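Structure record follows, encoded as structure tokens.
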Amino acid sequence: MTRSTTANESRPLRVLAACRISNDDDSSSSIERQREKLKEWLYANPHCALVHVTEDRSVSGAVDLKDRPGLGPWLANGKRDEWDAVWVSTQDRLGRDDLHFMAFVKDLLDWQKGIYVYDDPSFDVSTETGRLIAYAKATQAAAELTRIRKRALDSRDYLRRKGLWAGGNLPFGYQPLSVVVDGKVHYKLAQEPEYANLLREVAQRIEDGESLANIARDLNDRKILTWQDYLRTLPGPEDRKPKGAKGVKWHPSTIGRQFRKLSCLGQTEYVDKETGKTRVAELDDGDPVMFTDEPILTHAEREAVLAKIDERAGKPQRARRSVARLSGIAKCGTCGQRMTINRVTHTLKNGLVTYERYRCASTTTAQQCAEPAYIERDVLDAFLDDFLLAELGDKEEVRTVKIKGEDHTAELEQYRSRLARVEKEDEQGWYDDDRDSYLKKRRNILARIKGLEAKPVIPSTVVYEPTGRTFRQKWEGMTTEEQREYLIAHNVVIGAWRGGTVQKQRAAFVWLGDFVEAARAMGMESSHGTDNSWGFSQWNTTGEQEQTAQCLIKEAMPEGQPLPF
């Protein structure tokens with residue numbers, strides 16, 4: 001290589017070495033091998049001094065040099081003055097895009113920098129002839145990149161259509177098993193027993209009303225590795241040493257995200273390059289491509305979980321400070337807004353005293369309330385405890401067990417959406433040159449829809465199994481936060497006013513929500529013999545306030561369930 005600038009005799013030529021590899025598992029052109037070549041070259045060129053070695057692992061040759069995480073920062077203004085020339089082991093280490101390459105060459109000439117190529121000592125872009133030769137080599141590399149991409153796409157398409165694993169990140173709860181297809185060894189995904197069961201456990205807990213935050217905390221307490229950390233404990237290709245877990249914690253959002261992915265249904269997804277949207281891979285007949293014969297969840301199970309997650313998204317969240325059991329659960333009887341905890345500290349003769357009360361959220365928001373409710377925390381908490389334990393305290397606690405029914409609604413909607421999309425694509429001319437393919441796909445989707453519509457819908461049923469302990473033992477053994485989560489999960493409704501029939505006393509009501517349904521299934525009756533329907537109690541309320549309480553309960557009750565009045 002001939003430098004485009006004259007070296008200063010008083011100092012060596014400062015060299016920036018650029019190492020890159022598209023696939024970090026490719027040992028034939030590994031970063032380590034490139035470093036070995038660099039060491040040999042530096043030994044043979046003592047007039048050169050190494051400034052830095054940039055490493056871009058798993059970076060495609062199609063990525064512009066300025067956008068590479070390792071090399072890019074050294075091409076910016078702040079770093080360019082620290083080196084005189086770039087060194088690479090081969091020309092294609094600079095890239096496989098001819099336009100990117102020539103733009104980089106122009107930048108180097110403008111900056112009065114040079115290039116050294118280890119396996120091509122005659123490489124020289126300071127002359128027109130040298131640039132022509134370099135460009136010819138760059139176009140050859142670009143053509144090879146195009147061929148590589150086409151082979152990769154064809155290979156992935158073949159594997160996808162066969163329902164085989166094309167490599168990459170393993171979806172949650174699946175492991176690769178070798179299979180022979182067309183005389184070659186490939187891989188198909190099957191359930192990884194421990195994590196497949198874990199996903200089903202989490203799905204059931206979400207359906208039972210448990211929050212994602214509680215589940216994440218429990219998984220962390222049980223020291224269960226996250227899926228990505230678990231994968232890091234497995235040996236790499238050719239039995240390479242495992243990378244080792246990083247200690248990443250479970251988080252509510254990462255748990256919920258697993259159910260948004262279609263991988264839990266065993267379906268293959270890909271990103272459509274034209275739209276940038278994630279789509280389900282489909283066979284020619286319109287069926288989704290399945291990467292496994294044993295999906296972890298069914299369509300109905302996944303939809304039930306997502307419905308619960310979306311339902312909880314609109315419910316009260318955990319208090320940010322110390323937990324107040326009814327913060328965000330209790331409602332202002334005047335306007336129906338949630339009540340939050342309010343703490344006020346006063347200095348008395350005996351020291352600091354903190355008073356706590358629940359108050360209407362309108363006092364801290366822009367929403368208006370004609371008479372914002374407030375009630376002492378210990379008063380409302382005691383009202384709930386006394387009623388709840390009077391009704392259920394000595395009863396044997398039961399566990400809700402759901403017996404799955406048969407419901408193909410979610411799968412049916414998926415095929416209807418697929419039919420609508422295929423017909424839209426036909427209108428846009430996608431199948432103008434292949435009508436047989438369109439008609440075949442449409443017929444198959446219609447047949448699937450007809451078959452699913454003909455299947456019966458058998459609703460899930462609920463049975464209650466005794467746990468062997470009383471509800472009082474259950475309730476008093478829970479933390480305040482756990483009690484709060486329990487109330488939210490069972491749709492308990494509580495409301496309060498600053499005054500009622502007796503003006504100087506607070507007024508309140510409570511409706512036990514889903515507890516009522518379970519109690520009726522067990523044949524329970526009211527334990528205190530009042531005239532109120534079981535599961536409903538009011539204290540110091542006026543007739544108008546009782547009507548308001550009924551409205552607030554009606555809003556919270558599932559459609560079709562009878563009112564307790």
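Predicted model only: the values in this text are computed from it and were never measured. Along the sequence shown, residues carry numbers from 1.
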To the nearest 0.5 Å, what is the distance between [atom1] ([X]) and [atom2] ([Y])?
X	Y	atom1	atom2	result
Thr292	Leu265	OG1	CG	11.5 Å
Leu419	Leu446	CG	CG	5.0 Å
Lys450	Leu412	NZ	CG	14.0 Å
Phe104	Leu75	CZ	CG	5.5 Å
Glu32	Ile21	CD	CD1	8.0 Å

>> What verdict does the ring-ring contact (aromatic ring centres under 6.0 Å, His included) test give for Trp41 and Tyr118, after you've listed the backbone C-alpha separation in whole Å, the side-chain angles of each residue and the deciding distance to 0.1 Å?
In response: CA-CA 7 Å; Trp41 184 85; Tyr118 173 84; 8.3 Å; no
>> For Phe101 and Phe123, take the angle between the two ring planes, folded into 0 to 90°, and tell me which bin it lands in: parallel under 30, tilted 30 to 60, perpendicular over 60.
In response: perpendicular
> Looking only at atom types and distance, does a side-chain atom of Arg200 sit under 3.5 Å from a main-chain N or O of Leu297, one as donor and one as acceptor?
Replying inline: no
Any side-chain heavy atom of [X] within less than 4.5 Å of one from [Y]?
X	Y	value
Val305	Glu207	yes
Leu219	Leu198	yes
Arg442	Ile445	no
Tyr195	Leu225	yes
Leu199	Gln258	yes

Is it the case that over 12 heavy atoms from other parts of the model lie below 6.0 angstrom from the [atom1] atom of [X]?
X	atom1	result
Asp110	CG	yes
Lys66	NZ	no
Tyr187	OH	no

>> Does Glu453 form a side chain to side chain contact (heavy atoms under 4.5 Å, CB included) with Tyr415? I'd like the steps, not just the answer.
In response: CA-CA 11 Å; Glu453 288 176 338; Tyr415 273 101; over 6 Å; no
>> As a quick check of understanding, evaluate salt bridge (Lys or Arg N to Asp or Glu O under 4.0 Å) for Asp310 and Arg260, giving each step before the final call.
In response: CA-CA 11 Å; Asp310 293 338; Arg260 303 286 180 189; 2.8 Å; yes
Less than 4.0 Å between a side-chain N and a carboxylate O, is that true for [Y] and [X]?
X	Y	answer
Arg435	Asp426	yes
Arg217	Glu481	yes
Arg443	Asp436	no
Arg14	Glu82	no

> Gln414 and side-chain hydrogen bond (donor to acceptor under 3.5 Å, both in side chains): which partner among His299, His408, Arg448?
Replying inline: His299
